*Asks:* 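Please read through the structure below; I'll follow up with questions.
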Amino acid sequence: MTKRTIFIAVMLLSGIAFLFPQSPVRKLPASTEARIDSIIRLMTLEEKLGQLNQIGGTWYDTKTERLNEEQTAMLKAGQIGSFLGITGAAETGRIQRIAMEQSRMKIPVLFGYDIIHGYSTITPIPLAEASSWNPALVEQSAHIAALEGSAIGVHWTYAPMVDIARDPRWGRIAEGSGEDPYLGSVLGAARVRGFQGKDLLQYGSLLACAKHFAAYGGAEAGRDYNTVDLSERTLREVYLPPYKAAIDAGAWTLMSSFNEIGGVPASGSSWLMTDLLRKEWGFTGLVVSDYTAVMELMNHRIAKDSTEAGIVGLSSGVDIDMVSRIYLRKLAAAVRSGALAESVVDEAVRRVLRVKFVYGLFDDPYRNARPEKEKELLLAPEHRAVARTMAQQSIVLLKNEKELLPLSKGGKTIALIGPLAGNDHRRDLVGTWAWAQKPEHVVSVIDGITAKLPKGSKLIYDKGCEIESDSGYRAQKAVAAAKKADVIVAVLGEAQRHSGEAASRSNLDLPGRQRELLKALAATGKPVVLVVMGGRPLTLQWEADNIPAIVEAWHLGVESGNALADVLFGDYNPSGKLPVTFPRNLGQIPIYYNHKSTGRPLVPTDKYTSRYLDVPNTPLFPFGHGLSYTSFQYSAVTLSSSSITKDQSLTVSVSVTNSGKRAGEEVVQLYLRDDVATVTRPVKELKGFKKVMLQPGETGTVTFTVTSEDLSFYGLDMKKRIEPGTFTVYVGGSSADGQQAVFTVLP
Ligand code: BGC
């Protein structure tokens with residue numbers, strides 16, 4: 001047995017520096033600020049409002065690749081500051097030339113677009129990537145997205161989505177990093193660094209936009225766009241940290257969300273966008289509204305007409321009005337009538353120009369208008385290689401009885417069954433936000449497995465059923481195929497349309513007749529491997545009770561089939577861990593690991609404790625869960641000291657041994673609990689993690705540093721504080737198990 005020590009100051013290396021820097025306020029040189037002021041002085045009121053106006057380009061308005069006459073005239077008149085959805089290096093260059101040569105002020109326009117998980121090289125959906133617990137790889141994945149985004153002339157991506165989501169009914173859970181504020185902060189920061197690169201002025205970087213500010217993921221009943229009602233405490237403790245982390249990692253832009261929070265729409269909340277964001281956090285960048293969110297202030301019924309909606313939106317801190325055109329059309333009159341101070345307009349324009357300076361557009365407005373780059377960068381082989389590694393690490397092995405997986409490399413017959421395995425459903429494999437994706441670029445499961453099929457093995461494929469519709473249900477044929485095989489691999493789950501925006505679902509079972517098909521396959525008595533695809537946790541209680549091996553594959557992007565085949569045949573030993581809790585049934589939702597104790601924590605023998613009559617409190621698969629083809633043993637936890645003062649840090653060490661027969665990676669997770677405090681604290685909270693590779697028999701020592709920031713929480717006055725007393729540390733391979741130790745923070 002080899003012995004190796006891995007000293008990892010996890011807090012410093014994996015993100016804490018980005019979460020809590022000394023000074024989050026970024027300042028431009030005084031000379032640039034002076035240039036901005038002088039530009040503003042030269043602008044008419046209409047031109048200023050033009051900078052605050054973002055219009056949907058071709059994609060939304062005309063469905064062609066050119067501006068229509070009205071848009072061209074607006075551009076020449078200085079009435080457009082940025083575009084949404086115009087792509088193509090040549091086209092964006094042509095449009096920029098109009099702004100630079102034919103508008104009076106010659107202010108470059110910004111091209112914004114949603115590049116969420118790749119443009120041509122679609123990587124796994126963000127929730128899947130979060131399962132890798134690998135910030136460096138997630139950063140790389142965002143970087144190739146930025147390269148491809150630059151290649152199509154875009155400047156600004158509307159990502160990362162850092163909304164915490166505790167409700168899998170919400171379809172947009174697919175776009176974020178799951179339920180945990182710490183993991184969400186570390187990965188949000190990684191994505192910002194990946195999109196923006198080391199230097200925003202360098203080719204290949206995009207401006208990042210952390211969205212949707214704030215708490216969009218808290219929608220009641222998981223229904224998209226629905227009301228959010230949270231205490232300030234939950235907002236600050238759970239929902240806000242990832243936006244803050246994204247800003248601290250260098251994001252210059254934020255998108256305000258559609259939802260209200262406790263009676264105030266986020267896009268009309270001066271508490272959120274001015275008091276908290278600008279004054280408390282010191283944010284100097286810009287806020288863009290979500291699509292028509294300013295106009296929707298009327299639907300929220302806090303504005304009686306569009307003028308009022310515009311005044312509320314701008315004065316609360318939304319600098320750019322996406323698509324509503326209300327600022328442009330209504331606010332000049334509001335300024336002239338005295339209903340809105342021009343200084344409020346000026347301040348928003350200042351922020352927009354600042355971001356254009358930061359991105360270097362005043363020096364080179366055509367920086368991304370390089371058509372030759374499209375050919376060079378889109379779907380480049382090295383991008384596909386990153387997408388494959390990312391997809392491998394995104395896969396979570398949920399269950400593996402009797403080591404059914406990996407599939408034997410000896411001559412076996414495999415029955416591959418299910419709609420998502422075939423070539424006709426390749427589009428579904430890329431998941432949400434993949435407009436530009438062409439199915440022929442996606443490696444299907446059947447193609448991935450065929451390419452790896454061991455010598456002497458045979459593959460039989462049968463679709464079995466459609467994803468959702470009743471027609472095409474042919475269990476008998478699929479069962480006949482299955483009977484000829486040694487092992488069945490069933491690839492079932494959600495279609496592309498089932499997750500993402502406007503894709504909430506009130507039933508999270510496998511859609512359509514897929515479970516029925518699975519039951520028929522299981523009834524053959526042949527061993528079944530279930531591969532689940534989708535954009536969210538599904539309710540898989542029956543599957544977990546009856547199917548011996550379950551692989552969560554999410555929507556894995558263009559390299560789906562290859563990555564899955566790598567895992568199924570054991571060429572990649574799965575290392576993914578769940579970034580979100582899997583419920584047993586819908587009634588348990590919301591269910592998340594970092595809940596509070598309650599006054600009556602569950603006592604199995606006592607009816608009058610917090611529980612259900614018909615389902616256990618525990619999830620089906622807990623946050624942080626994920627198996628490997630090898631096994632890991634944890635030693636007891638060692639602390640550098642049994643007590644510390646409030647400003648001291650503490651190291652927590654554990655030895656992890658690979659006790660199986662294959663090399664494998666384990667995500668070692670550190671959770672903390674403040675045992676007693678003046679406000680209720682979660683039963684445990686993730687505070688660090690590290691992914692370590694261990695050879696069979698190898699032992700690694702993983703050391704975490706617990707800092708005073710980790711010990712602190714918001715007191716009754718909403719100020720951060722540390723209280724003396726005991727803390728419990730848990731270190732393990734999931735949120736549900738682990739080695740414990742206790743230390744004391746001295747008064
Ligand atoms: C979505 C945003 C997106 C925007 C622009 C909205 O409907 O909520 O996430 O960035 O559209 O496409």
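These numbers come from the heavy atoms of this one structure, side chains and all, not from hydrogens, waters or symmetry mates. Counting convention: from 1, in listed order, for ligands and their atoms alike. Remember, predicted model here, so these are calculated numbers, not experimental data.
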*Asks:* Can you list the atoms of ligand 1 that are under 4.0 Å from a heavy atom of D114?
*Replies:* 3 (C), 5 (C), 10 (O), 12 (O)
*Asks:* Flag W433 as yes when one of its N or O atoms lies below 3.5 Å from any N or O atom of ligand 1, and as no otherwise.
*Replies:* no
*Asks:* Before you tell me yes or no, could you show the steps for E494 and R536 under salt bridge (Lys or Arg N to Asp or Glu O under 4.0 Å), namely the whole-Å CA-CA distance, both residues' side-chain angles and the distance that decides it to 0.1 Å?
*Replies:* CA-CA 9 Å; E494 292 187 312; R536 53 157 69 79; 2.5 Å; yes
*Asks:* Would you please determine whether M255 falls within less than 4.0 Å of ligand 1 on a heavy-atom basis?
*Replies:* yes
*Asks:* Regarding W554 and S394, do their side chains bring together a donor and an acceptor under 3.5 Å, going by distance alone?
*Replies:* no
*Asks:* Which ligand 1 atoms are under 4.0 Å away from a heavy-atom of Y158?
*Replies:* 10 (O)
*Asks:* With backbone taken as N, CA, C and O and side chain as the heavy atoms from C-beta onward, which portion of Q54 lies under 4.0 Å from ligand 1: side chain, backbone, both, or neither?
*Replies:* neither
*Asks:* Using a strict cut-off of 4.0 Å, indicate which atoms of ligand 1 neighbour a heavy atom of H212.
*Replies:* 2 (C), 8 (O), 9 (O)
*Asks:* With no hydrogens and no angle check, just 3.5 Å: does a side-chain donor-acceptor pair link E129 and H117?
*Replies:* no
*Asks:* In terms of relative ring orientation, are F258 and H212 parallel, tilted or perpendicular, with 30° and 60° separating the classes?
*Replies:* parallel
*Asks:* Tell me whether the guanidinium CZ or amine NZ of R367 lies under 6.0 angstrom from the six-membered ring centre of Y359 and within 45° of its axis.
*Replies:* yes
*Asks:* Answer with yes or no whether the side chains of N368 and Y203 bring together a donor and an acceptor at under 3.5 Å.
*Replies:* no
*Asks:* By number and element, which atoms of ligand 1 are closer than 4.0 Å to a non-hydrogen atom of D290?
*Replies:* 1 (C), 2 (C), 3 (C), 4 (C), 6 (C), 7 (O), 8 (O), 11 (O)
*Asks:* Looking at ligand 1, does any of its N/O atoms fall within less than 3.5 Å of an N/O of R172?
*Replies:* yes
*Asks:* Where's the contact between M161 and ligand 1, heavy-atom distance under 4.0 Å: side chain, backbone, both or neither?
*Replies:* neither
*Asks:* Any nitrogen or oxygen of Y216 lying under 3.5 Å from a nitrogen or oxygen in ligand 1? Just yes or no.
*Replies:* no
*Asks:* Considering only residues two or more places apart or on different chains, which pairs with a residue in residues 210-228 satisfy salt bridge (Lys or Arg N to Asp or Glu O under 4.0 Å)?
*Replies:* D114-K211
*Asks:* Can you find an N/O atom of K211 closer than 3.5 Å to an N/O atom of ligand 1?
*Replies:* yes
*Asks:* With heavy atoms of F258 as the reference, note each atom of ligand 1 found under 4.0 Å away.
*Replies:* 7 (O), 8 (O)
*Asks:* Would you mind listing which atoms of ligand 1 come within a distance below 4.0 Å of any non-hydrogen atom of Y291?
*Replies:* 6 (C), 7 (O), 11 (O)
*Asks:* Please tabulate, for side-chain N and O atoms in residues 74-85, each donor-acceptor pair with protein atoms closer than 3.5 Å (sequence neighbours left out).
*Replies:*
from: K76; atom 1: NZ; to: Q102; atom 2: OE1; distance (Å): 3.3
from: S82; atom 1: OG; to: Q54; atom 2: NE2; distance (Å): 2.9

*Asks:* Any non-hydrogen side-chain atom of V288 less than 4.5 Å from a side-chain atom of V318?
*Replies:* no
